[in-house]
Protein chains: 2
Amino acid sequence: MKNRIKELRAKKDLTQDQLAEQLGVSRQTIISLERERYNPSIILAFKLAHIFNCKIEDIFIYEEEKDEK
Amino acid sequence: MKNRIKELRAKKDLTQDQLAEQLGVSRQTIISLERERYNPSIILAFKLAHIFNCKIEDIFIYEEEKDEK
DNA sequence: GCTAAATGTAAAGCTTACTTTACTCTATTC
DNA sequence: GAATAGAGTAAAGTAAGCTTTACATTTAGC
């Protein structure tokens with residue numbers, strides 16, 4: 001699953017540290033998400049959508065084919 | 001986090017078993033989600049939205065206040 | 001009231017999301 | 001050029017999502 005976190009974070013001029021704090025997660029989590037090492041929980045996805053003022057679907061791009069978990 | 005899975009599943013006239021199979025998860029997972037014992041992964045949320053032909057936000061209701069994980 | 005289908009519970013085990021710590025690398029800036 | 005900020009890696013540990021199995025309860029039709 002792809003995401004636009006890095007791009008959207010840059011647009012809001014936030015450091016990874018600042019975004020992490022706003023979300024209540026560690027900086028490692030932000031790094032891992034931006035690097036697409038794993039997918040966020042749905043709760044984190046909702047929080048991100050709230051901060052970036054958009055829909056979850058605007059941040060995360062899910063491709064049908066690949067049966068990810 | 002609240003969800004409308006049971007309601008939407010009923011609307012499509014699917015059993016828990018059938019929905020589970022369509023999603024590629026176990027029946028236990030469906031039961032646990034409907035009973036709101038835990039939240040789905042974002043992948044599962046996307047799959048549910050696809051099956052129910054709606055947005056993730058139409059299925060799952062996230063309340064700000066409660067700092068869930 | 002039996003039967004069978006659908007729903008539910010419980011518990012043990014695996015996988016993945018997330019944390020914590022410690023250390024590296026690159027750019028500024030003073 | 002030393003110091004600081006921002007981004008990155010690695011690895012070990014905890015927490016939460018999901019599976020599997022086995023058994024209980026509810027509901028509907030006969």
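Just so it is clear, the model here is predicted, and its values are computed rather than measured. Here is how names work: the chains are called A, B, and so on, in the same order as the sequence lines, proteins then strands, and each is numbered from 1.
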Rounded to whole angstroms, how far apart are [atom1] on [X] and [atom2] on [N]?
X	N	atom1	atom2	result
B:Asn3	D:dG17	CG	P	12 Å
B:Glu21	D:dC18	CD	C1'	17 Å
A:Leu23	C:dA17	CG	C1'	14 Å
A:Phe60	C:dA17	CZ	P	11 Å
B:Glu36	C:dG8	CD	P	12 Å
A:Ile43	D:dA16	CD1	P	11 Å
A:Asn39	D:dC18	CG	P	11 Å
B:Leu33	D:dC18	CG	P	6 Å

OP1 or OP2 of [N] less than 4.0 angstrom from a side-chain nitrogen or oxygen of [X], does that happen here?
X	N	answer
B:Ser26	D:dT19	yes
A:Ser32	C:dC18	no
B:Arg9	C:dT7	yes
A:Ser41	D:dG17	no
A:Lys6	D:dG8	yes

Looking only at atom types and distance, does a side-chain atom of [X] sit under 3.5 Å from a main-chain N or O of [Y], one as donor and one as acceptor?
X	Y	answer
B:Arg4	B:Asp58	yes
A:Glu36	A:Asn3	yes
A:Lys12	A:Ile51	yes

Least distance between heavy atoms, A:Leu14 atom then A:Arg9 atom: O-NH1, 2.8 Å

Nearest non-hydrogen partners of B:Ala45 and A:Ile42, listed with the distance: CB-CD1, 3.5 Å

Co-membership, hydrophobic cluster, residues A:Ile31 and A:Phe60, 4.5 Å side-chain: no

Is the closest side-chain heavy-atom distance between [X] and [Y] below 4.5 Å?
X	Y	answer
B:Ser41	A:Asn39	no
B:Met1	B:Ile61	no
B:Leu23	B:Ile30	yes

Nearest-0.5 Å distance, CG of residue A:Leu48 to SG of residue A:Cys54: 8.5 Å

Shortest side-chain distance from B:Leu44, nucleotide among C:dC18, D:dT19, D:dC18: D:dC18

Per A:Glu34 side chain, nearest of listed nucleotides D:dC18, D:dG8, D:dG17: D:dG8

Overall bend - the helix from C:dG1-D:dC30 to C:dC30-D:dG1, comparing terminal axes fitted on five pairs, nearest 10 degrees: 40°

No-hydrogen, no-angle side-chain donor-acceptor test under 3.5 Å, A:Thr29 and A:Ser32: no

Could I get a table of every N or O pair under 3.5 Å where one atom is in the protein and the other is in nucleotides 9-13 of chain C?
unit_1 : atom_1 : unit_2  : atom_2 : d
C:dT9  : OP1    : B:Arg37 : NH2    : 2.9
C:dT9  : OP2    : B:Arg37 : NH2    : 2.1
C:dT9  : O5'    : B:Arg37 : NH2    : 3.4
C:dT9  : O4     : B:Gln28 : NE2    : 2.5
C:dA10 : N6     : B:Gln28 : NE2    : 3.4

Pairing of A:Arg27 and A:Glu21 as salt bridge, 4.0 angstrom limit: no

Near-strand residues of residues 10-19 of chain A, defined as heavy-atom separation under 4.0 angstrom from DNA chain D: A:Thr15, A:Gln16

